[in-house]
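What follows is a single structure, written as C-alpha cells, with notes after it.
Both counts, for ligands and for their atoms, begin at 1 and track the order of listing. Since we're looking at a predicted model, the values are computed, not measured.
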Amino acid sequence: MTTTPPSPSLVPTLPGRYYTDPEVFRQEQRHVFEALWFCAVRGADLERPGAFRTVQVGRESVIVTRTRTGGLRAFLNICRHRGARLCLEESGEVRRTLQCPYHAWTYDLDGRLVAAPNLTKMPDVDRSAYGLVEVALREWLGYAWVCLAEEPPCFEETVRGAAVERLGDPAAVERYGTEGLALGRRVRYDVRANWKLIVENFMECYHCATIHPELTDVLPEFADGYAAQYYVGHGAEFGDGVQGFTVDGSEGFGRLPEVPDGQDRRYYAVTVRPTVFVNLVPDHVILHRMFPLAEDRTVVECDWLYAPEVVASGADLSKSVELFHRVNTQDFAACERTQPAMASRAYRAGGVLVPTEHHIGGFHAWLLGRLGEPPA
Ligand code: FES
Ligand SMILES: [Fe+2]
C-alpha cells in the first residue's frame, strides 16, 4: 500500500483496526467505559422503591436500585458468595430485597447482606463485609451516571463541563429543566457498528445534506456541512417559515419555561464523552445513551423528553418524534454501511477528515490519550 502525501485540508482518521479489533475494544472497556462517568439509567424509570435495572458498563454488569428511602444506588451485579449474577433481568421490581438465585444469599436495596441460609450458624461471619460492591453514582439531567473507577474523575469537569464547554454558559443546559421532563417516547436502536463511528457521525454535519433531508429543511445552515454544533454557544437556527422542530416544520409544543428568547428557535447538540448526546430544542430534549456491547455492536437508547403536561395531555407527539427518529435511522444506517469497510485493506491506514470534520481529530486524540497510545 502506498501512503498518500498529507494535504493540510485532510487530516487522517484512526486506522481501521480501531473499529474492528476486539483487543482495542477491550482496552476501551477498561480505560474508557469503566474509567469515566457512564450514563446508565433514567431515574424516573426506577420510580418505586425496589425497582431495579441492570446495565452493561464496560465488562461489568451493574445493577441500579431505587432504595426504600427514595435514593438511587448502584452495585456490581455479582453475588458475594460464589459470584453468581444476582439479577438476570434487564429490569424489574422487588419488594425489599434482592435474592441470589443460586444459594439464596439476600441483600437489601442498600446492598447489605441481610440473610443467607445457615448464616446464624456462622456467628463469626461479619455480614457487613459481604455486602454488594458499590459503584459511584451521580444524578444529572434526570439520569443516573455511574463510575466503576476506584477514584472517579471529577463529575463537574468531565460531564457537566462538556455542556459548559459546548454552550459557553453553565446555565444554558440547565434552563431546559431536563430532570423535570417526562418521557414521551423511547426508541432502542441495535446498531451493527463500532461506538466511535456513531460519535464521529454525531460530531459532523458534512453528511447532513446527503442523508438528512428533513433535518436540513428545518435547520438550513446544516445543509452547508457547517459544523454548527462545534462553535461554542452557537445553536443552529430554524429556517424561515419553520414553526417547530418537527418532521415537516409544523408547530411543536410550547417553549419550556426557562428557555430564554436567545435559545428559542435554535437547536443545540452536546456530546458528553464517551457515550451521551444531548439535543436541545425549545420544546423538548432528546437524549441518546450508547451501550457499546462489542467492537461492532452498539445499542443506542434514545429518549424524547417533554414538559410533563404535554405528555399527560396525550398530545400527538408523532411529528415531533419522527424528525429525530428519521435522523437516527439515517445516521445509524450510514454507520452500519461503514463498519464492514473498517476491516478492508483499503482502510488499513484509515480515511481522512475534511476541514468541517477536523474537530473529530480532537476526539481521536482524546481516545488515544485514554488508551495510553501515541497519536496515530
Ligand atoms: S452465588 Fe449467590 S448465593 Fe451462592
Ligand atoms: Fe447525522
Side-chain angles (χ1 to χ4, degrees), residues 52 54 61 63 75-89 94 97-108 111-122 125 127 129-133 187 189 191 193-230 235-236 245 247 267-271 276-281 286-288 290 298 300 302 321-339 353-354 356-357 359-360 363:
F52 69 86
T54 54
S61 172
I63 173 163
F75 308 99
L76 294 183
N77 186 13
I78 300 288
C79 177
R80 293 294 306 280
H81 173 222
R82 281 186 30 230
R85 181 157 289 198
L86 200 59
C87 295
L88 300 171
E89 307 85 0
V94 294
T97 56
L98 297 158
Q99 189 174 66
C100 178
Y102 197 177
H103 315 87
W105 279 33
T106 304
Y107 305 87
D108 72 11
R112 284 182 291 250
L113 176 66
V114 290
N118 306 330
L119 189 60
T120 48
K121 294 186 190 139
M122 299 176 264
V125 174
R127 288 180 199 200
Y130 291 93
L132 298 177
V133 176
V187 180
Y189 304 88
V191 187
N194 184 275
W195 69 282
K196 297 189 293 300
L197 290 179
I198 300 173
V199 174
E200 292 160 7
N201 172 277
F202 190 77
M203 288 180 72
E204 54 93 358
C205 212
Y206 191 43
H207 66 272
C208 289
T210 334
I211 70 173
H212 296 318
E214 303 86 356
L215 184 66
T216 50
D217 277 352
V218 172
L219 306 173
E221 67 188 71
F222 274 9
D224 298 337
Y226 174 56
Q229 62 269 51
Y230 285 88
F245 195 76
V247 71
Y267 162 84
Y268 298 85
V270 181
T271 304
V276 174
F277 310 136
V278 186
N279 307 270
L280 305 163
V281 288
I286 305 160
L287 194 140
H288 297 75
M290 287 195 287
T298 310
V300 185
C302 185
V321 170
E322 182 64 18
L323 176 53
F324 227 89
H325 173 57
R326 278 197 205 177
V327 170
N328 286 338
T329 308
Q330 292 154 349
D331 279 334
F332 300 152
C335 294
E336 289 187 337
R337 206 158 48 239
T338 309
Q339 179 65 32
L353 302 168
V354 300
T356 53
E357 300 171 311
H359 57 282
I360 295 174
F363 167 62

Legend entry - Protein contact to atom 1 (S) of ligand 1 [nearest heavy atom, distance to 0.1 Å]: R82 N, 3.3 Å
Inset, instruction - Could you tell me whether the Fe ion (ligand 2) has an N, O or S atom of C208 under 2.8 Å away? - result: no
Legend entry - N/O/S atom of D331 inside 2.8 Å of the Fe ion (ligand 2), strictly under: yes
Inset, instruction - Would you check if the side chain of N279 reaches a backbone N or O of I286 as a donor-acceptor pair within less than 3.5 Å? - result: yes
Inset, instruction - Give a yes or no on this: more than 12 heavy atoms of other residues, nucleotides or ligands lie within 6.0 Å of atom OH of Y130. - result: no
Legend entry - Which of the ligand 1 atoms, numbered from 1, are nearer than 4.0 Å to a heavy atom of W105: 3 (S)
Legend entry - N, O or S from C205 under 2.8 Å to the Fe ion (ligand 2): no
Legend entry - Those atoms of ligand 1 less than 4.0 Å from some heavy atom in A84: 1 (S)
Legend entry - Min side-chain heavy-atom separation E214-E322 under 4.5 Å: no
Inset, instruction - Give the name of the N/O/S atom in H81 that lies closest to atom 4 (Fe) of ligand 1. - result: ND1
Inset, instruction - Between A104 and ligand 1, find which residue part has any heavy-atom pair under 4.0 Å and reply side chain, backbone, both or neither. - result: backbone
Legend entry - Proximity of H288 and Y189 rings by center, below 6.0 Å: no
Legend entry - Contact summary for N194 and K196, nearest pair of heavy atoms: OD1-N, 2.9 Å
Inset, instruction - Would you please classify the geometry between the Y267 ring and the F222 ring as parallel, tilted or perpendicular, with 30° and 60° separating the classes? - result: perpendicular
Inset, instruction - Please answer whether the main-chain N or O of E336 pairs with a side-chain N or O of Q339 as donor and acceptor at a distance below 3.5 Å. - result: no
Legend entry - For C100, the ligand 1 atoms whose distance to one of its heavy atoms is below 4.0 Å: 1 (S), 2 (Fe), 3 (S)
Inset, instruction - Would you mind checking which non-hydrogen protein atom is closest to atom 4 (Fe) of ligand 1, with the distance to 0.1 Å? - result: H103 ND1, 2.0 Å
